[in-house]
Amino acid sequence: MKLVIATNNIHKINEIRHLLNEKIELLSLGDIGCRAELPETEMTLEGNAVQKALYIYEHFNVNCFADDTGLEIDVLKGEPGVFSARYAGENCTYEDNIRKVLTAMQEKKNRSARFKTVIALVINGKIETFEGIVEGMIRDQKLGNNGFGYDPIFQPAGLEKTFAEISLEEKNRISHRAIALQKLVKYLENNV
Ligand code: IMP
């Protein structure tokens, strides 16, 4: 079956292609001729994921899913959370966001944090959501060159390395997005 993923983020598309089985043909927004900036104005990850997926379904009439991810840091009261992409301001880079987190976390003893992904699937007009969470901690400096976003400062529980120090294959075995996607794939296998 064909399924559109409502993102232009090439890193995410690559991660997700690795995870889906050959029964699902993943199409990007470019593949369906969508060049619009997707709306993302809700105050929760779930709200944003549903909003993006519904936008594509309503404008292009295709089955699709959207994901929204946030890094929640306990000592920062859950920030950057739903604001993870633009934590350091409009048009900021991954580097700017990491710098802002490291500055806010200076001398903080409680380093616990988690990545949370919510996937919203819209299939034949019906909405389903799937959540994936990885617990971990924020390191006090950047480590590693793989991955994207906050990967160089996030160390998942049970590993001595950040997400940026492990391979894409290894990240895909344990990541927040992988957990949510496995739930999505299981749902598709059982219901479609
Ligand atoms: P999005 O709204 O799902 O695109 O995610 C918001 C922001 O969270 C992104 O701009 C990245 O900075 C960050 N992010 C999302 N997924 C990951 C990940 O797997 N690793 C590190 N950072 C991520």
Side-chain angles (χ1 to χ4, degrees), residues 1-42 45 48-57 59-60 62-71 80-101 115-122 129-132 134 142-154 156 161-185 188:
M1 69 172 296
K2 288 187 182 185
L3 203 53
V4 174
I5 169 158
T7 184
N8 285 312
N9 182 329
I10 192 71
H11 300 283
K12 275 192 197 170
I13 296 174
N14 284 340
E15 279 191 10
I16 291 169
R17 271 224 168 91
H18 262 77
L19 286 163
L20 292 180
N21 62 35
E22 66 286 353
K23 281 187 233 152
I24 298 166
E25 186 187 344
L26 192 65
L27 301 179
S28 68
L29 291 180
D31 292 333
I32 60 165
C34 172
R35 293 182 217 312
E37 176 95 2
L38 300 186
E40 225 176 319
T41 55
E42 299 292 324
L45 297 175
N48 278 336
V50 169
Q51 188 182 28
K52 288 187 281 188
L54 274 180
Y55 178 93
I56 295 301
Y57 187 77
H59 286 78
F60 294 86
V62 285
N63 291 328
C64 66
F65 68 96
D67 81 321
D68 207 43
T69 296
L71 174 65
V82 73
F83 306 111
S84 291
R86 294 174 196 87
Y87 189 45
E90 280 304 315
N91 304 319
C92 64
T93 62
Y94 291 147
E95 191 64 40
D96 298 332
N97 285 334
I98 285 179
R99 204 175 309 119
K100 182 165 178 185
V101 168
F115 268 118
K116 190 185 283 181
T117 289
V118 177
I119 290 179
L121 170 73
V122 182
T129 58
F130 309 92
E131 187 178 85
V134 171
K142 288 171 59 188
L143 290 160
N145 299 308
N146 300 333
F148 68 100
Y150 298 92
D151 280 347
I153 57 168
F154 181 81
K161 292 174 179 175
T162 68
F163 266 165
E165 293 180 287
I166 60 177
S167 65
L168 178 60
E169 283 72 23
E170 211 175 335
K171 183 181 172 193
N172 272 343
R173 275 199 291 275
I174 58 172
S175 84
H176 42 96
R177 200 162 11 262
I179 294 167
L181 269 171
Q182 279 153 10
K183 293 180 184 172
L184 166 75
V185 170
L188 292 172

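- In this structure, OG1 on T117 lies 12.0 Å from CG on L184, to the nearest 0.5 angstrom.
- Heavy-atom minimum distance, D67 versus T69: OD2-OG1, 3.6 Å.
- Residues N146 and I166 fail the side-chain proximity criterion, which asks for heavy atoms closer than 4.5 Å.
- Between Y150 and P80, the closest heavy-atom pair is OH-CG, 3.7 Å.
- Shown here for E90 and R86, the closest heavy-atom pair between the two residues is OE2-CD, 3.3 Å.
- Between D31 and R17, the shortest heavy-atom distance links the atoms OD2-NH2, 4.4 Å.
- Under the 4.5 Å side-chain criterion, counting only non-hydrogen atoms from C-beta, K2 is not in contact with V62.
- Within the 4.5 Å cutoff, side-chain heavy atoms of L71 are placed close to those of F115.
- If you take OH on Y57 and CG on L121, they are separated by 10.5 Å, rounding to the nearest 0.5 Å.
- Of all the heavy atoms in A120 and A53, the pair that sits closest is O-CB, 3.7 Å.
- Ring orientation note: the planes of H176 and F163 are tilted relative to one another, at an angle of 30° to 60°.
- At least one side-chain heavy atom of I16 sits less than 4.5 Å from a side-chain heavy atom of F65.
- Atoms CG and CG, on L168 and N14 in that order, are 7.5 Å from each other to the nearest 0.5 Å.
- Put simply, the side chain of Y55 never gets that close to the backbone of A6: no donor and acceptor are under 3.5 Å apart.
- Proximity of V122 to I56: side-chain heavy atoms (C-beta onward) are nowhere separated by under 4.5 Å.
- Note that CD1 of I5 and OG of S28 are 9.5 Å apart. Values are rounded to the nearest 0.5 Å.
- Rounded to the nearest 0.5 angstrom, I179 CD1 and E131 CD are separated by 10.0 Å.
- Under a 3.5 Å cut-off, the side chain of K171 and the backbone N or O of G147 do not form any donor-acceptor pair.
- The salt bridge (charged side-chain N to carboxylate O under 4.0 Å, His left out) check on E25 picks up nothing, with sequence neighbours excluded.
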Only distances under 3.5 Å count here; give the side-chain donor-acceptor pairs of residues 34-41 to other protein atoms, sequence neighbours excluded, each with its distance to 0.1 Å.
{"from": "T41", "atom 1": "OG1", "to": "Q51", "atom 2": "NE2", "distance (Å)": "2.9"}

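- A donor-acceptor pair is defined here as one N or O able to donate and one able to accept, closer than 3.5 Å; no such pair exists between the side chain of N63 and the backbone of L3.
- Residues L188 and L20 have side chains not in contact (no heavy-atom distance under 4.5 Å, counting atoms from C-beta outward).
- For the pair N97 (side chain) and A85 (backbone), a donor-acceptor distance under 3.5 Å is present.
- Here NZ of K142 is found 3.5 Å from CD of E95. Values are rounded to the nearest 0.5 Å.
- Closest heavy-atom contact between K161 and P156: O-CD, 3.4 Å.
- Residue T129 is tested with V50, I119, L45 for a side-chain contact (heavy atoms from CB on, under 4.5 Å); the sole match is V50.
- The aromatic rings of F148 and H11 sit parallel, their planes meeting at an angle under 30°, below the 60° perpendicular limit.
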